[in-house]
Amino acid sequence: MTVLEASESIGEEESEMEWQTLQRVILPPQAQMDTVPLYVDMGAAAGVQLPTMGDQDKRDAKPRTINSVTREAHAEDFLSRSSMSVRPGERVSFGTYFNAFPASYWRRWTTVDSVRLTVTTTGTGAIIVYKSNSRGSLQRVDAQRVEGQTTTDFDLTLKPFGDGGWYWFDVVAGAEPVIVRGAEWQAPGPAPRRGAVTLQITTLNKTDFCLNNLRLLAEDPEALEALQEILIVDQGTQKVSEADGFDEVKTQLGGRLRVIEQSNLGGSGGFSRGMYEAVANGSDYALLMDDDIVVETESILRLVTFADRCKTPTLVGGHMFDLYNRTVLHTFGEIVNPYRIQPALPSEDAELGHDFMVSNLRQTPWLHRRTDVDYNGWWMCLIPTSVIREIGLALPIFIKWDDAEYGLRAKERGFPTVSMPGAAVWHVSWIDKDDLVGWQAYFHTRNRAITALLHSPYELGGRVIRELQQDDFKHLVSMQYATVEGRTWAVQDLLKGPEALPELLSTRLPEIRKMLSEHSDSTFQPDPDAFPAPRMAKPPRHGQGFSRPSAALLVPWAVKTVIRQLIQPVVESSKERPQANVPHIDNKWWRMSQYDSAVVSNAEGTGASWYQRDPQVLRRMLAESARLHADLLARWRPLSLRYKAALDGLTSIESWKKTFDEHTVSDSR
């Protein structure tokens with residue numbers, strides 16, 4: 001065979017090679033132009049550059065950010081969900097959250113080792129391909145001139161992406177517009193069989209959100225085609241099946257929709273029902289989603305495509321953006337601090353609440369380092385049913401820590417979790433909420449301790465017991481007696497052992513709500529005039545108000561505060577009227593400890609409650625907290641063994657089936 005014949009043969013083989021879509025370029029709908037920075041970047045190509053060393057130690061030098069001038073996007077330039085017009089002489093970058101290719105994730109977790117970028121355009125201009133490394137340094141890879149209607153291919157290796165990095169491309173228009181008609185990131189070879197998915201939403205009186213997401217799915221035939229079944233687990237009193245528009249959207253979904261109504265078993269009961277049904281109907285994956293979200297439907301295809309190609313069965317989750325500030329990312333990934341058993345960011349550079357409107361992907365170095373996680377929130381998480389069969393369903397713990405515990409359990413059994421860039425939902429954020437007080441305090445306390453008993457690698461759970469008691473103290477000196485009573489119940493129930501969990505699943509919340517109604521600090525009034533006008537009998541010293549004690553003075557300050565709280569009588573006038581109105585943002589334990597009474601607004605801004613100091617209640621609760629935590633410390637080792645021994649039984653399909661049989665109200669199967 002001649003060289004020419006060999007070359008022609010190779011060319012024929014390449015042309016005959018199958019290329020399978022991994023990720024498509026997508027664009028925002030016209031109604032969501034506030035999300036444009038997540039899809040396209042209208043700035044110049046310069047972003048994160050190599051560090052300037054100067055006199056710095058080279059080991060500590062960090063990439064510097066070039067904040068290029070960014071132009072506003074024009075709504076009329078977005079022609080469809082896959083095509084847009086680049087104006088004459090302008091440049092558009094697809095180096096963005098939804099359209100850059102997260103190369104390091106594909107290299108680390110999947111069998112894919114090379115990709116092809118294919119871009120279809122009309123007009124004269126250029127396509128420039130870039131990549132980044134884990135430090136966020138921008139590197140030009142290739143460029144091609146385009147003219148007329150053409151499809152341009154770039155073959156790219158994934159070898160350099162061991163610790164991080166992305167691929168992306170820019171389009172530059174010449175004297176006339178360039179129309180980007182579509183672009184894809186593809187993998188060579190035959191596609192694996194696409195796994196069948198049961199998409200499951202657990203809801204509690206969020207009918208409008210549920211119907212909106214069902215409509216979004218009905219309007220996206222490709223995402224809908226990937227779903228074997230759409231399951232709504234309705235645990236509320238406002239039934240989705242009775243809402244206006246339900247019958248219409250059910251018809252649009254072509255027989256895929258099923259609604260199960262059951263007692264309120266919390267998130268763990270609702271999501272476990274989704275896992276259970278996915279196993280029962282033969283699906284390959286259960287895709288768990290919250291009810292109060294708006295889903296980017298393309299994310300469904302991306303999660304399934306990624307999971308199908310993972311080297312080992314892998315939980316693949318989407319990220320969460322703020323529903324009311326849609327360019328703000330909650331977190332890029334989370335781990336559980338093993339010493340404290342608390343959620344934590346995986347690196348010191350990572351940010352909570354990153355706004356892509358302020359700093360896009362190319363201009364944010366820490367976003368280029370691959371983020372490896374312990375778990376993914378169940379606002380959107382794809383779980384292989386093979387994993388469910390092996391490690392079970394969620395713990396029966398109602399809410400809080402069910403997703404984190406499941407991720408830790410899966411990791412210990414050899415099943416990793418990936419928080420996948422480019423797959424996301426918009427979710428009602430809890431950043432401005434306080435779920436550590438009120439009815440949720442019980443579940444936070446108990447379930448954090450259960451997670452520590454099951455998974456802490458440290459003797460006696462590391463800092464968990466100490467921090468639980470410290471938090472009791474902070475709540476007590478803040479006059480949050482209802483919260484501490486709930487936390488007391490949590491430790492009492494924890495000490496009963498794992499056998500008590502199934503029964504508590506459906507009964508504890510009503511009991512907690514009844515208890516809260518008996519405490520003034522958890523009884524809210526929407527009208528601020530429902531309380532007497534505040535008056536301070538003795539004004540703060542020098543009119544300075546209350547400030548946080550310094551670290552050096554913290555111990556003597558704490559001793560003085562505790563003595564005052566325990567012994568000093570309550571000022572009589574504070575029983576008749578509060579001493580102050582305190583906004584939620586100022587509701588700090590070191591400030592509240594200085595009052596005898598105060599009206600405090602809640603995190604949502606919908607009401608306020610009257611906190612009133614009671615030394616007798618404080619003494620009783622403080623003593624009970626000390627006794628319970630001492631008991632927990634003494635019994636930690638045997639209790640840990642009991643919970644570990646009971647784990648498989650509590651989370652088994654058989655155990656949960658008994659619960660579902662008892663609490664199912666209806667099933668539209």
Side-chain angles (χ1 to χ4, degrees), residues 25-28 32-52 56 60-74 90-105 128-140 161 163-171 296 299 318-334 344-371 373 419-427 429 431-432:
V25 163
I26 54 173
L27 297 165
Q32 295 187 25
M33 293 302 292
D34 55 330
T35 65
V36 165
L38 304 180
Y39 296 86
V40 295
D41 186 353
M42 310 302 289
V48 178
Q49 301 295 336
L50 292 173
T52 301
Q56 271 187 303
D60 297 330
K62 295 182 179 180
R64 56 193 175 92
T65 299
I66 307 298
N67 290 315
S68 57
V69 176
T70 300
R71 299 181 304 280
E72 292 292 328
H74 300 275
E90 293 196 352
R91 180 180 196 135
V92 169
S93 177
F94 292 87
T96 57
Y97 175 83
F98 277 122
N99 285 322
F101 185 76
S104 65
Y105 291 80
I128 310 168
V129 179
Y130 294 91
K131 70 177 181 180
S132 63
N133 58 22
S134 62
R135 294 169 63 86
S137 300
L138 178 153
Q139 301 169 13
R140 181 185 183 278
F161 297 95
D163 294 325
W166 303 65
Y167 275 124
W168 67 88
F169 68 98
D170 290 6
V171 176
E296 168 51 83
S299 302
H319 290 123
M320 184 190 99
F321 284 90
D322 188 337
L323 183 63
Y324 300 123
N325 193 359
R326 293 200 176 189
T327 56
V328 174
L329 177 68
H330 170 62
T331 174
F332 205 53
E334 290 178 290
L345 297 178
S347 70
E348 61 182 19
D349 296 326
E351 298 174 7
L352 191 67
H354 176 76
D355 191 347
F356 282 88
M357 181 74 80
V358 175
S359 179
N360 215 323
L361 174 65
R362 297 178 303 160
Q363 300 159 341
T364 312
W366 63 267
L367 287 171
H368 295 256
R369 176 179 176 177
R370 191 187 68 246
T371 298
V373 302
S419 291
M420 185 66 186
V425 299
W426 288 272
H427 187 287
S429 174
I431 295 298
D432 291 327

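The structure displayed is predicted, hence computed values, not measured ones.
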Looking only at non-hydrogen atoms, find the nearest pair between [X] and [Y] and report the distance.
X	Y	value
W166	P421	CH2-CB, 3.4 Å
M320	L329	O-CD1, 3.6 Å
A423	S299	CA-OG, 3.3 Å
A350	L345	O-CD1, 3.5 Å
N360	G95	OD1-O, 4.4 Å

Original post:
Under the side chain to side chain contact (heavy atoms under 4.5 Å, CB included) test, which residues partner E351, sequence neighbours left out?
Top reply: H354, W366

**OP:** Could you pull out all residues at least two apart from T371 that satisfy side chain to side chain contact (heavy atoms under 4.5 Å, CB included)?
**Re:**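 T371 satisfies side chain to side chain contact (heavy atoms under 4.5 Å, CB included) with Y105, F332, P346, V373 once adjacent residues are dropped.
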
For residues [X] and [Y], determine if any side-chain heavy atom of one lies less than 4.5 Å from a side-chain heavy atom of the other.
X	Y	value
Y97	L361	no
V425	F321	no
S134	R370	no
D41	W168	no
F169	N99	no
V171	R91	no

Any chance you could measure [X], atom [atom1], to [Y], atom [atom2], to the nearest 0.5 Å?
X	Y	atom1	atom2	result
H330	L323	NE2	CG	14.0 Å
T327	W426	OG1	CH2	10.5 Å
R369	T364	CZ	OG1	15.5 Å
R326	E296	CZ	CD	11.0 Å

Original post:
Checking ring pair (Phe, Tyr, Trp, His ring centres under 6.0 Å) against Y167, which of Y130, F101, F161 comes through?
Top reply: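 The passing option is F161.
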
Subject >> Residue that, paired with F356, satisfies side-chain contact (heavy atoms from CB on, under 4.5 Å) out of L367, T96, V328 >> reply: L367

Original post:
Is it the case that Q32 and Y39 place a side-chain donor and acceptor less than 3.5 Å from each other?
Top reply: no

